[in-house]
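Every chain is numbered from 1, with letters handed out A, B, ... down the list of sequences. The structure presented is a predicted model; accordingly, all values stated were derived computationally and were not measured.
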Number of protein chains: 2
Amino acid sequence: MSVADRKAREKEALKMLILKGAKKLFIEKGIEQTTIRNIADEIDYSVGTVYVYFKDKNAILHDLHSIGFQELGGYFKELFSIEDPMERLRKMGFIYIKFALENQEMYDLMFNLKAPIEFLTNCDNEDWDEGATTFGALKETVHQCIQKEHFKGHTLEPLTFMIWSLVHGMCCLEIRQRTKGVKFTNPDTILYDGYNEFLKIIDRL
Amino acid sequence: MSVADRKAREKEALKMLILKGAKKLFIEKGIEQTTIRNIADEIDYSVGTVYVYFKDKNAILHDLHSIGFQELGGYFKELFSIEDPMERLRKMGFIYIKFALENQEMYDLMFNLKAPIEFLTNCDNEDWDEGATTFGALKETVHQCIQKEHFKGHTLEPLTFMIWSLVHGMCCLEIRQRTKGVKFTNPDTILYDGYNEFLKIIDRL
DNA sequence: TTTTATTTTTGAACAACGTTCATTTTTTTA
DNA sequence: TAAAAAAATGAACGTTGTTCAAAAATAAAA
């Protein structure tokens with residue numbers, strides 16, 4: 001019994017080692033530039049071993065995308081202590097942007113790359129649980145704002161989606177380099193400047 | 001003299017033929033799933049010929065991204081006749097979303113894929129003219145709104161960027177399939193529903 | 001027209017990729 | 001210590017983007 005247990009633990013450990021190596025290389029040189037051979041080299045195993053623990057590259061990317069959501073959850077932790085939902089909403093956006101800028105490759109993987117969603121589709125999995133949960137957290141905060149008489153005349157779900165899109169859009173444009181070359185007056189702070197315009201608006205709602 | 005002219009015209013024609021074939025396949029089966037060999041087959045030329053007319057795959061993607069901006073310009077044409085800048089701003093967003101939904105692969109290429117920007121970087125080109133021009137058009141409309149006493153207390157460039165991000169974010173989430181699996185009540189109309197929430201807000205500003 | 005020069009097109013060949021799987025090595029069990 | 005099971009291996013396969021010497025087609029010169 002204990003042998004099987006240890007084996008299971010070792011299997012899990014090696015799986016994590018692969019993911020850790022993959023993440024390191026992804027951050028170092030980009031996801032597209034990282035090959036399975038690179039990952040195998042990084043952790044001193046052969047290519048074949050990687051394929052014993054992961055069906056394909058999409059499976060690695062999906063698991064790493066899930067880890068990304070855990071890390072985003074870590075960033076969000078400090079929000080729990082904020083009572084006022086409007087205050088929490090404001091801060092949530094800032095943290096979201098901060099996470100995206102500090103973890104660009106992971107953010108790309110979580111919200112932009114096709115691989116994690118393709119993996120789910122291949123597994124006949126209709127739902128994107130990580131996304132649904134995170135969106136649910138934002139929706140709950142917006143819901144509380146509405147209960148406190150904010151956002152009069154608005155509909156919860158579309159409003160929440162609009163807010164998500166607003167911050168996501170900024171992060172996306174930045175990470176995919178669409179803010180470079182557009183000749184902003186203040187390119188370095190445009191994300192936070194843009195978000196502040198949003199804050200100015202909702203302060204009045 | 002006329003021979004050289006004809007040759008130049010033929011060169012241009014073949015270049016366009018390659019782009020046309022590439023675009024067809026991109027729309028049919030996706031950009032990532034389309035190979036140079038596919039493109040060559042499509043237009044009954046060999047692989048080598050494609051490389052005579054384009055430095056690499058990024059060059060094709062960049063030229064096609066420029067064509068995409070021309071097409072977006074076509075969608076935007078009807079905006080010129082709208083006098084009221086607020087009305088024009090509202091409609092601009094709708095058309096932007098419409099373009100994105102009706103030309104998903106092209107939109108992805110224009111605003112998401114790294115290839116066109118990588119191409120510019122490789123050519124030591126700092127500027128992304130197509131993006132800057134389109135952003136400029138939006139900025140001009142927002143500027144006229146401000147002149148008509150709308151958006152009091154807001155700063156032009158960050159506000160414009162925020163609006164762009166809002167619609168881009170929605171299109172991006174949709175195209176990259178992040179709206180599927182999140183269990184929206186009305187997944188089919190969420191983009192327009194979300195944008196309508198934005199319209200409700202700016203109607204009061 | 002025939003020959004030479006130039007331009008255009010070709011597709012085999014290369015390195016690198018994701019992926020597979022028969023074989024080898026290691027570990028567990030008898 | 002020997003047999004069985006599990007884990008790890010890396011050569012090999014099909015595809016990819018890309019290159020480039022050779023071939024084919026066209027233009028210029030004779």
Exercise. OP1 or OP2 of C:dT9 sitting under 4.0 Å from any side-chain N/O of B:Tyr53?
Worked result: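 Indeed, a polar side-chain atom of B:Tyr53 lies that close.
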
Sequence neighbours excluded and cut-off under 3.5 Å, please list the side-chain donor-acceptor pairs for residues 74-81 of chain B, or say none.
residue	atom	partner	partner atom	Å
B:Tyr75	OH	B:Glu102	OE1	2.5
B:Tyr75	OH	B:Asn103	ND2	3.2
B:Ser81	OG	B:Glu78	O	3.0

What is the distance, rounded to the nearest whole Å, between atom [atom1] of [X] and atom [atom2] of [N]?
X	N	atom1	atom2	answer
B:Lys11	C:dT7	NZ	C1'	10 Å
B:Arg6	D:dA27	CZ	C1'	9 Å
A:Leu17	D:dA8	CG	P	11 Å
A:Asp44	D:dA8	CG	C1'	13 Å
A:Ile43	D:dA8	CD1	C1'	12 Å
A:Phe54	C:dT20	CZ	P	15 Å

For this session: Give the B/S/- string for nucleotides 12-24 of chain D, one per nucleotide from 5' to 3', where a protein heavy atom under 4.0 Å of the base yields B, of only the sugar-phosphate yields S, and otherwise -.
Result: B---BBBB-----

Exercise. Sequence neighbours excluded, which residues qualify as ring-ring contact (aromatic ring centres under 6.0 Å, His included) partners of B:Phe69?
Worked result: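 Per chain and number, B:Phe69 pairs via ring-ring contact (aromatic ring centres under 6.0 Å, His included) with B:His65, B:Phe111, B:Trp128.
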
For this session: With sequence neighbours left out, write down each residue that passes ring-ring contact (aromatic ring centres under 6.0 Å, His included) with B:Tyr195, or none if nothing qualifies.
Result: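 Only B:Phe94, B:Phe198 meet the ring-ring contact (aromatic ring centres under 6.0 Å, His included) criterion with B:Tyr195.
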
For this session: Using a heavy-atom cut-off of under 4.0 Å over every strand shown, decide if A:Leu14 touches base, sugar-phosphate, or nothing.
Result: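 Counting heavy atoms under 4.0 Å across all strands, the contact made by A:Leu14 is with sugar-phosphate only.
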
For this session: Check every strand shown and say whether A:Ile60 touches a base, only sugar-phosphate, or nothing at a heavy-atom separation below 4.0 Å.
Result: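 A:Ile60: no heavy atom of the nucleic acid under 4.0 Å.
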
Under 3.5 Å, which donor-acceptor pairs link side chains of residues 161-175 of chain A to any protein atom two or more places apart or in another chain?
residue	atom	partner	partner atom	Å
A:Trp164	NE1	A:Tyr96	OH	3.1
A:Ser165	OG	A:Phe161	O	2.8
A:His168	ND1	A:Tyr107	OH	2.6
A:Glu174	OE1	A:Thr179	OG1	2.7

Problem set entry | Residues in side-chain hydrogen bond (donor to acceptor under 3.5 Å, both in side chains) contact with A:Glu157, at least two apart in sequence or another chain |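 Checked A:Glu157 against side-chain hydrogen bond (donor to acceptor under 3.5 Å, both in side chains); matches are A:Lys139, B:Thr185.
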
Exercise. Cut-off 3.5 Å, side chains only: do A:Asp63 and A:Ser66 have a donor facing an acceptor?
Worked result: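 No, because no side-chain N or O of A:Asp63 sits under 3.5 Å from a partner of the opposite role on A:Ser66.
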
